[in-house]
Number of protein chains: 2
Amino acid sequence: MPKNCNFIEKLREVGLRPTKQRIKMCEVLYNREKTFHFTINDLVKLLSEKMNQKISLATVYNTVHAFEKKGYLKEISIDSHKSYFDTNTSAHHHFFDEDTHELIDCDESDIDKINIRKNITGKKINSVEVLVRVASDNQTQK
Amino acid sequence: MPKNCNFIEKLREVGLRPTKQRIKMCEVLYNREKTFHFTINDLVKLLSEKMNQKISLATVYNTVHAFEKKGYLKEISIDSHKSYFDTNTSAHHHFFDEDTHELIDCDESDIDKINIRKNITGKKINSVEVLVRVASDNQTQK
DNA sequence: AATCTACATTATAATAATTCTAAACTGTTG
DNA sequence: CAACAGTTTAGAATTATTATAATGTAGATT
């Protein structure tokens, strides 16, 4: 199946040149069943270990940020020490497993619609996101 | 008013030695009407400029983290490039002004209680927090 | 009040994450 | 297929944070 053609077209659509590196990254990120949460480090590892593709760290950063700017990826702030990215770019909520540092998507239906009563004058709401931190039941709470 | 006595006692209560630096930091952080949101950098600036107190950067980091561990401060993840801390340590929600990078506390009453329908097996919920990103009304959306 | 000891502070070095730079490379356009 | 603009690259630079090891200090003990 000519998966890559899709990526080439997709990249063109948003005005990014379909270079070898970008296509390879698309393959890693989007040939998946589920949405994928990762750090830059995770991605570099996957590219080099699983895909046997050596891409400069700077390129991974550049490309991830290019993807983000174009709406291919979404950045998620959970841990101030790590940048997570999400291949699910729609507004949605997350569970964060504090034991494993794993991010889990939350369906719209899992959380009731959130009603914001206050509004900041002169400002419009861009997004409303919920983060549910979970941890092992039998463990001392952090 | 002997404000510092309170801080000395408070620090003792949680098992932190009331050193000059810690007391000074308490003054900057807690002699306020409203809760205070800051980055380490903000705090260092305040200490040196407003309080004329030169404290080593390492000490500010150590002390902020000591305060956090003891429940004096709460870390907030909004921007993966900056660590924010909050003098309001209760579970509460935030507005984040994307124009000014300002964090604004959200009263419990401003947001309806959030009902989580899904639960992750074997995990308990530690916290549920909402972040509402706002921006100027007349500005191109990010 | 002098002494002791464990904890704190400090300046500096080290580390880690990210961005910058400048040269080499490569899609795309004509 | 030549030329150009956008890309990639290695490595340097920058920034945020943490570790280190020497010095200082709060609080207990004399």
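Because the structure is a prediction, the values reported are computed rather than measured.
Considering only the side chain of B:Gln21, C:dT9 comes nearest among C:dT9, C:dA17, C:dG27. Distances from the side chain of A:Ser83 to the nucleotides C:dT18, C:dA17, D:dT9 place C:dT18 closest. Relative to the side chain of B:Tyr61, the nucleotides C:dT9, D:dA16, D:dT7 differ in distance, and D:dA16 lies closest. The side chain of A:Ala58 lies closest to C:dC20 when the candidates are D:dT17, C:dC20, D:dA26.
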- request: Using the salt bridge (charged side-chain N to carboxylate O under 4.0 Å, His left out) rule, take A:Glu27 and A:Arg32 through it: C-alpha gap first, then chi angles, then the decisive distance, then the call.
  value: CA-CA 9 Å; A:Glu27 284 178 45; A:Arg32 289 172 181 275; over 6 Å; no

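Nucleotide D:dG6 holds its P atom 13 Å from the NZ atom of A:Lys69, rounded to whole Å. What separates CZ of A:Phe7 from C1' of C:dG27 is a distance of 19 Å, to the nearest Å. In this structure, A:Ile23 places its CD1 atom 8 Å from P of C:dT28, rounding to the nearest Å.
Classification of the B:Phe96-B:Tyr84 ring pair by plane angle, with boundaries at 30° and 60°, yields perpendicular. Ring orientation note: the planes of A:His37 and A:His94 are nearly perpendicular, at an angle over 60° on the 30°/60° scale.
In this structure, B:Arg17 and B:Ser56 both approach DNA chain C, and ranking their closest nucleotides by distance from the 5' end singles out B:Arg17. Looking at which nucleotide of DNA chain D each of B:Arg12 and B:Leu57 is closest to, the 5′-most match is held by B:Leu57. Each of B:Ile40 and A:Thr63 lies near DNA chain D, and the nucleotide nearest A:Thr63 is the one positioned closer to the 5' end.
Donor-acceptor pairing under 3.5 Å is recorded for the side chains of B:Asp86 and B:His92.
Close to D:dT9, at under 4.0 Å from its OP1 or OP2, lies a side-chain N or O of A:Thr59.
At a cut-off of 3.5 angstrom, counting only N and O atoms as typed in the model, there is no donor on one side facing an acceptor on the other between the side-chain of B:Arg22 and the base of C:dA8.
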